Number of protein chains: 2
Amino acid sequence: MGVPLPLGRRIRADIEAQIKGGHWPPGYRLPTEQELQTRYGCARATVGKALSALADAGLVERRKKAGTIVATPRAHTAVLTIPDIAEVMAARGQAYRFELTGRAVRAVDPASSNERALMAHGAMIALAGMHHADSSVFALERRVISLAQVPEAESEPFVRQAPGTWLLQHIPWTRARHRICAASLAAEDARALGLPEGSACLRLERWTWRELAGITYVEQTFAADQFDLIAEFSPGGV
Amino acid sequence: MGVPLPLGRRIRADIEAQIKGGHWPPGYRLPTEQELQTRYGCARATVGKALSALADAGLVERRKKAGTIVATPRAHTAVLTIPDIAEVMAARGQAYRFELTGRAVRAVDPASSNERALMAHGAMIALAGMHHADSSVFALERRVISLAQVPEAESEPFVRQAPGTWLLQHIPWTRARHRICAASLAAEDARALGLPEGSACLRLERWTWRELAGITYVEQTFAADQFDLIAEFSPGGV
DNA sequence: TCGGCGATAATGTCTAGACATAAAATCGGT
DNA sequence: ACCGATTTTATGTCTAGACATTATCGCCGA
């Protein structure tokens, strides 16, 4: 309050309000930089910067000679936060426990496309485990970790702390890719979750890299009614 | 090839390469605008714009007096793009068709929590339909639209164009909330999709608002092996 | 040693121009 | 009527400054 917005931001906010208020519909051609320059009494670079920022945010499209038009959104984008399972449990007020059910050091399986997507060859550690909520099984996890990138993993027990939690806290990463899909439970997984074979489940897969080197791949399986993902978005970064 | 990058973009690309190549680790303080200005032989505004773009992309953080430092990437958040179904079909090279199977104008059902989450009362239009890929059913959709916010919807047939596509192109919105979960197919939906009852499916729900007023709620159901969502996070948006 | 306070160094915002580039619009010839 | 060359126009990029803002550092006094 009291602090006036810098002119550039005010121009941007004004235009954003016109668009979000529906006064300027998709396809509407907005005033040229010259007109805005005159209207606001400022240099062309100032309105240009405001319009470019709106273009970066996806609210408008700019084409030479054609001018600047309100963008027609082609998709909904949202910032999805994929929480650490231990944090989900804490938020729900349930007791959390990770149980390691399998552990092996081996070479990359060239028949597995999920492993190949992470790295071409080398040694890795393969882990399997269950996430418990109170006394029931909440999720299943299968993971491989590159020993070339994370040699410390070989001496880590992963018995009390889930490997995902440990990795997040110890290993820096630069790129991650997530895949979210639904699937039917295979017999073995159904038994572990205490559900009928073929039940619906949500599957979350994540590949993580540091630069070009693959660090880990994980596949988490949740019973259909146990877990969902919520994503919120306001365009323009509000 | 052969077209030289504008200087500003080249500066940005150079710095990005230093960061992604690991030569400038998180926390590293990069050269000041003055140093870069001398190094590249350009005006300060040019390096400033490049650095600001990197800051917008989340690769660096800028603080007055302290300078510009390489940012530490945040934990598992990713930009999820939820595409318009017609665009998915176009990308896959399949023929797309929307079929409207139900349409009614009625008041908000106070027993439906999904409708209550959108608005307290008022008239709405309820739609049901199927998204076809080539000759098979790709997804089911149920939607309600607020007639107070979107009176044009009453005279819109929604026979050729899916309501989502129409809304996205005509109605501005300021906030959206998505929920992603797995579910078992109810008898009616299973019949529509041509699958056994109880099959796994991915369910996507979306609530959309303009300011505080609810515009629409939609629930889309996909067969498990038909559709998945990919979310990428790489700082800088590559 | 600690706290405050001013100098300084860095980015933030802006101006008034210049030239480059791309695409729509127009004009001219067939 | 159509196609191609030219003009026009709006944005893209850049310069060389100016002043504003603010966090940090170092100094000085209690």
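Lettering follows sequence order; numbering is per chain, from 1. Below, each value reflects all heavy atoms present in this structure, side chains not excepted, and no hydrogens, waters or symmetry copies. Given the structure is predicted, the values throughout are model-derived calculations rather than measurements.
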>> I'd like to compare against my own output: the B/S/- annotation of nucleotides 22-27 of chain D with a strict under-4.0 Å heavy-atom distance to protein.
In response: SBB---
> Looking at D/dT15, C/dT11, D/dT11, which one has an atom nearest to any side-chain atom of A/Arg62?
Replying inline: D/dT11
If you restrict it to nitrogen or oxygen atoms, what contacts under 3.5 Å exist between nucleotides 5-7 of chain C and the protein, and what is each distance?
none

>> Give me each pair satisfying salt bridge (Lys or Arg N to Asp or Glu O under 4.0 Å) with a member in residues 127-146 of chain B, each pair once, sequence neighbours excluded.
In response: B/Glu141-B/Arg143, B/Arg142-B/Asp189, B/Arg142-B/Glu219
> Whole Å only: how far is the CG atom of B/Leu7 from the C1' atom of C/dC19?
Replying inline: 15 Å
> With sequence neighbours left out, what residues match B/His170 under ring pair (Phe, Tyr, Trp, His ring centres under 6.0 Å)?
Replying inline: B/Trp166
> Over how many whole Å does the gap from A/Lys49 atom NZ to C/dC14 atom P extend?
Replying inline: 7 Å
>> The side chain of B/Arg29 is closest to which nucleotide in this list: C/dA10, C/dC14, D/dT13?
In response: C/dA10
>> Regarding B/Tyr217 and B/Glu115, do their side chains bring together a donor and an acceptor under 3.5 Å, going by distance alone?
In response: no
> Which sits closer to the 5' end of DNA chain D, A/Thr32 or B/Gly8, going by the nucleotide each is nearest to?
Replying inline: A/Thr32
> Once you round it to whole Å, what is the distance between P of D/dT8 and CD of A/Gln34?
Replying inline: 16 Å
When the side chains of residues 36-44 of chain A are checked against the rest of the protein, which donor-acceptor pairs come out under 3.5 Å, sequence neighbours left out?
| unit_1 | atom_1 | unit_2 | atom_2 | d |
| --- | --- | --- | --- | --- |
| A/Thr38 | OG1 | A/Gln34 | O | 2.8 |
| A/Tyr40 | OH | A/Asp14 | OD2 | 2.7 |
| A/Arg44 | NE | A/Glu33 | OE1 | 2.5 |
| A/Arg44 | NH2 | A/Glu33 | OE1 | 3.3 |

>> Can you confirm whether B/Gln161 sits close enough to B/Gln169 that some side-chain heavy atom of one is under 4.5 Å from a side-chain heavy atom of the other?
In response: yes
>> OP1 or OP2 of C/dT13 versus the side-chain N and O atoms of A/Thr46: is any pair under 4.0 Å?
In response: no
> Hey, are the side chains of A/Leu30 and A/Leu51 touching, using non-hydrogen atoms and a 4.5 Å cut-off?
Replying inline: yes
>> Quick test of your reading: applying salt bridge (Lys or Arg N to Asp or Glu O under 4.0 Å), list the pairs with at least one residue in residues 154-172 of chain A, sequence neighbours left out, ordered by first then second residue.
In response: none
>> Contact between A/Val144 and A/Asn114 at the side-chain level, heavy atoms closer than 4.5 Å - yes or no?
In response: no
>> I want to check something: taking the side chain as every heavy atom from C-beta on, are A/Val60 and A/Ile19 in contact at a cut-off of under 4.5 Å?
In response: yes
> With a 3.5 Å cut-off and just heavy-atom distances, do the side chain of A/Arg44 and the base of D/dG12 make a donor-acceptor pair?
Replying inline: yes
> Between D/dA10 and A/Thr68, is there an OP1 or OP2 to side-chain N/O distance shorter than 4.0 Å?
Replying inline: no
> Whole-Å distance between D/dT9 P and A/Leu30 CG?
Replying inline: 19 Å
